[in-house]
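If you're wondering where the values come from, they're calculated on a predicted model, not measured in any experiment. In what follows, chains are A, B, ... by sequence order, proteins preceding strands, each numbered from 1.
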2 protein chains.
Amino acid sequence: MHAVDTRGEILEIAARLYAGLGYSAVSMRDLAGEVGVTQANLYHHFRSKDDLIRETLAHVFAQKTAPMVELLERPGTSSQRLAAFVNWFVRLLVEDRVFFRLLVRELVDGDGARLKALADSVLERPFSLVSSLADPQRPKDERFLAAISIIGLMLGHVQLAALLPYLPGGRPEQADPSVVARHITTVLRRAFHDEAREK
Amino acid sequence: MHAVDTRGEILEIAARLYAGLGYSAVSMRDLAGEVGVTQANLYHHFRSKDDLIRETLAHVFAQKTAPMVELLERPGTSSQRLAAFVNWFVRLLVEDRVFFRLLVRELVDGDGARLKALADSVLERPFSLVSSLADPQRPKDERFLAAISIIGLMLGHVQLAALLPYLPGGRPEQADPSVVARHITTVLRRAFHDEAREK
DNA sequence: GTCTATATTCCGATAGAC
DNA sequence: GTCTATCGGAATATAGAC
């Protein structure tokens, strides 16, 4: 039952290495070395490097869908649910660098097949739910764009956080998840909810 | 005077290849083949692959700074200038895929030295100007975060556009630069300017 | 399921002729 | 400034023993 799960271990370590250096910069030798098996053994579990990459992505992304959907389906006003989601997702992006980097890598480098797999396996359901975080009274078309804005704003903030130490006026606490999440929630509420503008 | 500028040609083609496949996936052989010279010749112009990568990035990013600063320094209300900048920058990200992909690559993969070089060479001055696009009456701290939101929102939108064909309710025109820019401008005005909320 | 050993191709980089 | 030729090592992938 608790026999060493070599295959799972390979996927975990592959995710970490691919996230850190990119697919082509991580050789099967490097990976095998980190896992503690021989290179040939990797070919027992996966038929090629490309196959391993695909399985790694599925492994990492699939873990996130369930909690994300669970969070988005909790009851509350759209404004409350928005705040809760932003808080959770910003924290996820900041704290799970493996997830974050693999996600960005796929968005930028992924071909049609891989993007479709990503959309189908993890993003479709959450995306529909995120669309409902904008004020329900707004037109449907705006709510679709709003969903992209909600996710995109968080993604952009976390990416640009890497530049923060080198920008004039940048201070470390501006990359703190709580600070970022609060700021983003305020921005999105002003944009997509009819609430008072004041702080 | 108009002698063939091999070095410049190498940089242009390197930018395109690195943007498309990533640094480690583009060999000096591949690059030399595309340029139409031998691999050894690359080492006459650049001392190493790493050196070539750094020079390629500097070459691509430096071209963008001047027009960006020029645009940001045009007169107008902060609201007008915001709209003009969003329009221009979204179009840049959508239409210059080389710039877009190299930028994202650096944000995610760049080490401290390369990020600092990027910040110093191209982003520092524009970033200060972007900070001034938020309503000047707002507190300074919010205006710094606002600058990150302004750039981050555009970056996020363009990245997520790749997923659009695979999301429920996604339609091609939602990736159109004019549509995206208009939406983003509306969002940012609601968030950072004290204007009427109506359409 | 894991290993050793190896085939084949490709990598970054250099030497030296023209 | 560009070339041919080559070095030493690393890449993916496979064959076959245990």
To the nearest Å, how far apart are [X] [atom1] and [N] [atom2]?
| X | N | atom1 | atom2 | value |
| --- | --- | --- | --- | --- |
| B:Arg47 | C:dG12 | CZ | C1' | 16 Å |
| B:Leu52 | C:dA13 | CG | C1' | 14 Å |
| B:Ile10 | D:dG1 | CD1 | P | 11 Å |
| A:Leu42 | D:dA15 | CG | P | 17 Å |
| A:Leu31 | C:dT2 | CG | P | 13 Å |
| B:Asp51 | C:dA13 | CG | P | 10 Å |

OP1 or OP2 of [N] under 4.0 Å from side-chain N/O of [X]:
| X | N | value |
| --- | --- | --- |
| A:Thr38 | C:dT2 | no |
| A:Ser27 | D:dA11 | yes |
| B:Tyr43 | C:dA13 | yes |
| B:His45 | D:dT2 | yes |
| B:His44 | D:dG1 | yes |

What nucleotide among [options] has an atom nearest to a side-chain atom of [X]?
| X | options | value |
| --- | --- | --- |
| B:Gln39 | C:dG12, D:dA11, C:dC3 | C:dG12 |
| B:Asn41 | C:dC3, D:dC3, C:dA13 | D:dC3 |
| B:Ala40 | D:dA5, D:dA11, C:dG12 | D:dA5 |
| A:Thr6 | C:dT2, D:dA13, C:dT14 | C:dT2 |

Query - Short N-O contact, A:Glu70 and A:Arg74, less than 4.0 angstrom - result: yes
Query - salt_bridge(A:Arg190, B:Glu142) N-O dist < 4.0 Å - result: yes
Query raised in the report: What is the ring orientation for B:Phe192 with A:His183, classed by angle as parallel under 30°, tilted 30 to 60°, or perpendicular over 60°?
Result: parallel
Query raised in the report: Quick check, are the ring centers of B:Phe127 and B:Phe144 under 6.0 angstrom apart?
Result: yes
Query raised in the report: Does a donor on one side chain sit under 3.5 Å from an acceptor on the other, for B:Asp30 and B:Ser27?
Result: yes
